[in-house]
Every structure is written in structure tokens, then in C-alpha cells.
Amino acid sequence: MEDIKRIEELRNQLHHHNYLYYVQNSPTLSDQEFDHLMRELQDLEAKHPEVYDPNSPTQRVGSDLSTGFTQVRHRYPMLSLANTYNEQEVASWYENVRKDLDGQPFEVCCELKYDGLSISLTYEQGRLVRAVTRGDGEQGDDVTANVRTIRAIPLVLPGTGYPDEFEIRGEILMPWKVFEQLNAEREKAEEPLFANPRNAASGTLKSLDPKLVAKRKLDAYLYYLLGENVPSDGHYENLKTAEAWGFKVSEGIRKANSLEQIYDFINHWDTARHDLPVATDGIVLKVNSLRQQQQLGFTAKSPRWAIAYKFKAERVCTRLNEVTFQVGRTGAVTPVANMEPVLLAGTTVKRATLNNEDFIRSLDLHIGDNVFVEKGGEIIPKIVGVDVSHRSPDLQPVHFISNCPECGSLLVRYAGEAAYYCPNDTGCPPQIKGRIEHFIARKAMNIDSIGPETIDDYFRKGIVRNVADLYEIRTEQINGDGTRQKSAQKIVKGIQDSVSTPFERVLFALGIRFVGETTAKLLAKHFKSIDALMTATPEQLVEVEGVGTVIAESVVRFFHDEVNLNIIERLRQHGLQMALSADQQQIASDKLAGKNIVISGVFERHSRDEYKAMIESNGGKNVSSISNKTSFILAGANMGPSKMQKAQQLGIEMIDEDTFLNMLEQ
Ligand code: IVH
């Protein structure tokens, strides 16, 4: 069926763009284009519940849960807002509200949409008792200690007349000035830059060190007072009252009685927002009366009584001077546009990514062209078009290079991929350095005594040319030249300590193409040792759940390479774990043998990962989606409604965590 095919296609595309946005920090779609695809997928999925998939991009409400903080359930879920992008969409929301309110008169509170991260604050007797991030909307991280460092948030309310207990929500932001200063410092220290103030604020708030948070000078605006005992039926009036209690509320809020007044507000802030000290990405419109809000209610994801209007990205025109090419750690070659510096949304822009060859072709780009550059919420701008009407006839078209700019190898383009790659993965400097950086990363060998700059330095000096060389570094080699005896010892110790890292992480650290953290775990568990994995055939590899032909071929290719085999042997000599430990190999029991178990909901006694491990070490299999093959569901609190429905339809037993634990103990 057409629809089903399209769903598949959209899911793949959105997963990919999610990755580019969140992992690579280099989105190739505007937020608007992304939202558009997401909406299309949501609509199609609603039409076809039979293809429900818990891993669909639509199911990813955007969790920012992180380890190290206690998780707290929100008393009222923290929902997001539906987005609109033009006046027609605003008008149709307004019309729907009018219809749903059966012609009752209503007012709309117009506010700025702050581009930071949302926070929920609880006050008791006028004192801040808890601050929780949005998390997955149902539960978030308790970041109270960090939030206490934000001066815009009152710890004890200076005003009077507030209820004994209430919750107020708002946005935590990093002001532009602080953001720019922070990035300048990071640039100096050769640390990776934050893409935008939102990421910087979020990274800061997730820090486990409140002292660092305090230094970063975060700001906050509050925009939503909630609870059963709020002072008035008017949202606007409540915010004004909250302001009197001592909260920082945007001075930009206005009430509107007509669409015209709403448009005036939008048009005013579309330009005036550039003078604000913090980032905004739109306007929020809320039906003012709480009684009417209640009458309008919610859809599954967002309130019907409110909507966001997103500002259009700013655009300027400038000259393309040159295209250069960068080689990343995977060997992917990215073209970069170097332009005549131009002021865009408050910063000077001179470089933009050009994604890939197809993108350059689709723009029909010539050196010397006048190009249109846009910047949305991101710091990295992008070229969105060419002014062909002003192109002089002698300009030369941009050609993609055929050889690696770093090592000269002939570039290759794999079937189905847009990027060109340098195939010289064992000899091309940025690739070698990239692999070493990956090897020492936190989720891999977790060697934190060195960082990218040190690797670069050792590589240039010829001390380290591959990951095995790390274990042969001697203190005398790195001592002096800026590194004192003590730090040199620390570096060597950090590396030596990593030899006890478990096998599955060593496997991930090796950086086999397409073998991420999860695949590495699956492979380690199945083959138990690197010797077994090394000799596995593609047929044996695809027997592992989650491993397809692409991964299988990549694994086989990796272990066929003499250079890799040599490195592995040396790592083994240095004592790295090349097999599962005895503990890991032992099966606790076979009580769950043959059982397919779905884990769903939120648990109190153990984490999901712990339950997964328990299932597996007792011989069972943890599966992700419910089908008639499911033996039972290990059900926590707040199981998703679609899962619940499916379980009931198929008559599958649900077992709570206590019963499950008893089952294993007996
Ligand atoms: S009201 C149920 N007001 O936008 C409505 N949100 O997609 C709750 N945001 O997660 C939100 N400025 O982080 C509201 N003036 C404002 C806002 C605002 C920014 C953020 C907030 C929320 C997201 C909605």
C-alpha cells in the first residue's frame, strides 16, 4: 500500500535527520521542513494503527533524561505546543477555537516563545522546593541544586499572597552575551563549541557540578502558573500576579481580542526580538480564560487552547568566494562554502556547510555567485539559494573533488549514500585521529586523562599512530614540553586503568563501521569473545538479532584487514578484555527460557536496563513490540495507551515488577 510505504520512508528520513540534528549537530533540514515531515507521518500513523512501532520518530517525545539525577514524576504532564508558520495557520487555529467555544467571546494572551529548556518549579510556603526538567514529559530530572544557582529564579518569594503550594513553569536560557563569551573561551581551549544558546543552557543545567552552573549565568522567564488554587481565571492576570510575587515574567505579554491584534503582536516582535538579550524562536498564543482552556482541552500531544507561531529564519545575500573540503573521522568529505563575511541575526557569518555533491548540483553553484544564507535557531548557517539573475557568464561551476584533500586517495561514493568517502581509513590523518578520539570516548574506553588536543599533539609528534600505541606511551616520552612529570604520570595511569573495560565496550571502541554501542553489546553477548567474532561468517553474524547484511559485511571486512588484526593483537598483549568475563557468561537461571518479554512503563525498584539484563540472564528474550508471540509484559506505571490497548486486544498477561521479582526468586 502507498501509505505504508510512505510511513516507512518518512520514518527512515526522520531518524536520519534526528541523528544529523542531535548527534552530529549539523541539520540539513530547517525546523519547518522537519516539522512538516513529522506531521505527515503523524497523520499517516493515525490512519494506520496496525503499523504502530514503539521506535517510530513520532514516539520520541524528546527525552532529556540523563543519569546522575533523581527522576521525578510531573504532577501534570509537560506537553509541547503545536507549531504554525504563517498567518493562515494562526487564523485557522483561531477559527477552531471560536467554533469549539460555540461563539463565546474569548481573549488570547500573546507571549514570546523563549528558546531554551523548560523547567517546572514547585514552591511550598513561598520557598523553592523542587525544579524538574521536562524529561519525556511524564517525568524529568530533579535539577534543584543547579537551578538554585540561577539568580532570576527566586528561592524565597519576596511578595505576599501566594498559595501554600503551587507549581510554575518557564524557560531556562543562556543570554546571547554569556553564550558568545563561553564559546569564545571554548574556542581558545580547543573545546567543541555549543551550536546555540539552547544547547549551551541544556548542557549547563545537566552538569553534575552546581558550581559550574553558577558560573554560566543562566537566566529564566516564567510563563505558566498551574494548580488547583491559582488566583484568577485569567492566564494573563495570573502571570501578572506571579510577577508581583517575585517571578521574572516577560514584559512582552499582551492580551488580544482579535486576529488583527495578534498579527500586530507577531509583526512587532518579528524584528524587535533581535534587541532581546535572550533567544526567542516564535510567539505563543494562549486562550486566556482557564475555564475556556479546560473546555477546549488537549490532543494527545498538545493543548488545543494554545499554539506556537515560529518566526521565519533570517536571510541575507553575500558572495561565495571559495569551496573547501573537510574530511571527518568516518572519512566522509564535507564541502564548505567560504563567503564574504556578512552580518546575519547578530553574528558575522563567513562559512556554511554545503552538505554533499547533490546539494551543490541542485543549487547549480558557481564560484563568485551571490548566495542567500539563512540562519534558523542554529549557529551554523546554510545556503538556501543562488541569485542567478546576477551571475556573470564567466563564473566557473563548483566541482566536487575526486581526491582526498588530506591524503590524496581517490574518493569513493557508496551506493545509496550522498557523501563521498576517503577509503584510506588506516592512513588518512583525520580518520586516524577520529578513531583514537572515538576509542577514548566516555561510552567506549572512557580514558579521560587525554582529549582531542593531546591526541592531535601526539599524532603530530609521531607518539601515537593508532589505538594500540596509546598503551605503549611512557612518561618520559611525554614529560616536559609543557607537560609536567605529575600530569604525564596521570595520563599514563588513565590509559593503563582502562584495560579493565568490559569486552562489549572494547568492541564498540574499536570503531567498526556501523557497530554502535547496542550492536557491540549484541555481538559480544552472542559470540562471547573476539576470537569467535573474528572468524564468524556473514551468515552467522546475521543470526544475531539486530544485525543485518550491512553490519555483517562491515564486521567481516574489519577483521579481514591486517592492520586491524595487528592492532587487536597488540591490545590483547596489553591486557584489554577480549572476551566476556566469567560473571557475564554465566546464566543466572533458565527460568525464563523460551519467553518473549516486553518491558513497558516506568519502574521503581530497578531501571529498565536492569530488568532487561535480568530477563536475559535468566534465559528470556526482551522484545520491543507486542505481538501474539509475546509471553507477558513486564508492566510498570504509565504504560503507553497504544501498548495497553494492543495487550488487551491480544489478551497478553501483564506482570508488575514485584510479581516479576518474586518469580525469579522462587
Ligand atoms: S506554554 C501546554 N509559553 O515551548 C503549554 N511555552 O513547544 C506549555 N516555550 O516546552 C507551554 N516560551 O519549553 C509556553 N511563553 C511560552 C513559552 C513556551 C517557550 C517552550 C516550552 C515548551 C515549548 C512548547
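These numbers come from a predicted model, not from an experiment.
- Shown here is K217, whose NZ atom has no more than 12 heavy atoms of other residues, nucleotides or ligands within 6.0 Å.
- Classification of K382 and E374 as a salt-bridged pair fails, no side-chain N sitting under 4.0 Å from a carboxylate O.
- Note that CD1 of I7 is 5.5 Å distant from NE2 of H48, once rounded to the nearest 0.5 Å.
- Dense packing is recorded around NE2 of H274, with more than 12 heavy atoms of other residues, nucleotides or ligands lying under 6.0 Å away.
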Walk me through it: do R11 and E45 pass the test salt bridge (charged side-chain N to carboxylate O under 4.0 Å, His left out)? CA-CA 10 Å; R11 283 178 181 169; E45 286 186 345; 2.9 Å; yes
Under the criterion side chain to side chain contact (heavy atoms under 4.5 Å, CB included), I'd like the reasoning laid out for K206 against T133: C-alpha separation, chi angles, the key distance, then a yes or no. CA-CA 9 Å; K206 295 296 171 63; T133 64; 4.1 Å; yes
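- Residue-environment remark: CD (E517) exceeds the threshold of 12 foreign heavy atoms within 6.0 Å.
- In terms of heavy atoms, G140 sits closest to H74 at N-NE2, 3.7 Å.
- Between the CD atom in Q88 and the CD atom in E95 there is a gap of 13.5 Å [rounded to 0.5 Å].
- Only one option out of Y123, Y224, Y221 pairs with F247 in a ring pair (Phe, Tyr, Trp, His ring centres under 6.0 Å); it is Y123.
- Side-chain contact between I615 and F660 is present, with at least one heavy-atom pair separated by less than 4.5 Å.
- Here the CE atom belonging to M639 is positioned 10.0 Å from the CG atom belonging to L634, to the nearest 0.5 angstrom.
- Here the closest heavy-atom approach between residue K375 and residue L344 is recorded as NZ-O, 3.4 Å.
- In this structure, the separation between OG1 on T84 and CD1 on I283 is 10.0 Å, given to the nearest 0.5 Å.
- Within 6.0 Å of NZ on K215 lie no more than 12 heavy atoms contributed by other residues, nucleotides or ligands.
- Heavy atoms from other residues, nucleotides or ligands lying under 6.0 Å from CD of Q294 number 12 at most.
- When every heavy atom of S232 is checked against every heavy atom of N238, the shortest pair comes out as N-OD1, 2.9 Å.
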Would M78 and V132 count as a side chain to side chain contact (heavy atoms under 4.5 Å, CB included) if you check the C-alpha gap in whole Å, the side-chain angles of each, and the deciding distance to 0.1 Å? CA-CA 10 Å; M78 284 181 87; V132 184; over 6 Å; no
Sequence neighbours excluded and cut-off under 3.5 Å, please list the side-chain donor-acceptor pairs for residues 302-311, or say none.
| from | atom 1 | to | atom 2 | distance (Å) |
| --- | --- | --- | --- | --- |
| R304 | NH1 | L296 | O | 3.0 |
| R304 | NH1 | F298 | O | 3.4 |

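- Counting all heavy atoms, side chain and backbone alike, W245 lies closest to P163 at CH2-CD, 3.4 Å.
- Between the side chain of Q292 and the backbone N or O of P105 there is at least one donor-acceptor pair closer than 3.5 Å.
- Taken from CD in Q295 to CZ in F106, the straight-line distance is 11.5 Å, to the nearest 0.5 Å.
- No donor-acceptor distance shorter than 3.5 angstrom exists from the side chain of N257 to the backbone of E107, with no hydrogens or angles considered.
- For the residue pair E111 and S250, no side-chain donor N or O sits within less than 3.5 Å of a side-chain acceptor on the partner.
- With respect to H235, the side chain to side chain contact (heavy atoms under 4.5 Å, CB included) criterion is satisfied by exactly one of V287, N288, L225: N288.
- The shortest distance between side-chain heavy atoms of T630 and L650 does not fall below 4.5 Å.
- The pair K240-E237 fails the salt-bridge criterion, with no side-chain N (NZ, NE, NH1 or NH2) lying under 4.0 Å from an Asp/Glu carboxylate O.
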When you look at I119 and L205, which way does the side chain to side chain contact (heavy atoms under 4.5 Å, CB included) test go after all the steps? CA-CA 10 Å; I119 192 81; L205 204 67; 4.3 Å; yes
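- For the pair Q71 (side chain) and Q139 (backbone), a donor-acceptor distance under 3.5 Å is absent.
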Can you give the donor-acceptor pairs under 3.5 Å from side chains of residues 148-160 to other protein atoms, not counting sequence neighbours?
| from | atom 1 | to | atom 2 | distance (Å) |
| --- | --- | --- | --- | --- |
| R148 | NH1 | L128 | O | 3.4 |
| T149 | OG1 | N146 | O | 2.6 |

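- Rounding to the nearest 0.5 Å places CH2 of W93 at 5.0 Å from CG of L285.
- The closest side-chain heavy-atom distance from V213 to R216 is not below 4.5 Å.
- Scanning all heavy atoms of the two residues, the minimum distance from F265 to G252 falls at CE1-O, 2.9 Å.
- In terms of modelled atom types and a separation under 3.5 Å, the side chain of T144 and the main chain of A131 share a donor-acceptor contact.
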Given E124 and D164, is the side chain to side chain contact (heavy atoms under 4.5 Å, CB included) satisfied, shown in steps? CA-CA 6 Å; E124 284 173 15; D164 284 349; over 6 Å; no
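- Although no hydrogens or angles enter the test, the distance criterion places a donor-acceptor pair under 3.5 Å between the side chain of D233 and the main chain of R291.
- When all heavy atoms of K643 and S600 are compared, the pair lying nearest together is CD-OG, 3.3 Å.
- Applying the side chain to side chain contact (heavy atoms under 4.5 Å, CB included) criterion to K612, with sequence neighbours excluded, gives I599, E616, N622.
- Aromatic ring orientation, F166 versus Y162: tilted (interplanar angle from 30° to 60°).
- The side-chain heavy atoms of K248 and D219, taken from C-beta on, include a pair separated by under 4.5 Å.
- For Y114 and Y223, the distance between ring centers is not under 6.0 angstrom.
- Of the possible donor and acceptor atoms, none in the side chain of R98 sits under 3.5 Å from a partner among the backbone N and O of G103.
- Between Y263 and E87, the side chains place no donor N or O within less than 3.5 Å of an acceptor N or O (distance only, hydrogens not considered).
- Taking the side chain as every heavy atom from C-beta outward, V108 and V97 never approach each other to under 4.5 Å.
- Two residues are said to be in side-chain contact when any heavy atoms from C-beta on lie closer than 4.5 Å; S120 and E167 meet this criterion.
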Pair E171, R198 - check salt bridge (charged side-chain N to carboxylate O under 4.0 Å, His left out), show working. CA-CA 10 Å; E171 202 83 351; R198 175 174 18 87; over 6 Å; no
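- The closest donor-acceptor contact from the side chain of D142 to the backbone of R130 lies at 3.5 Å or more, if one exists at all.
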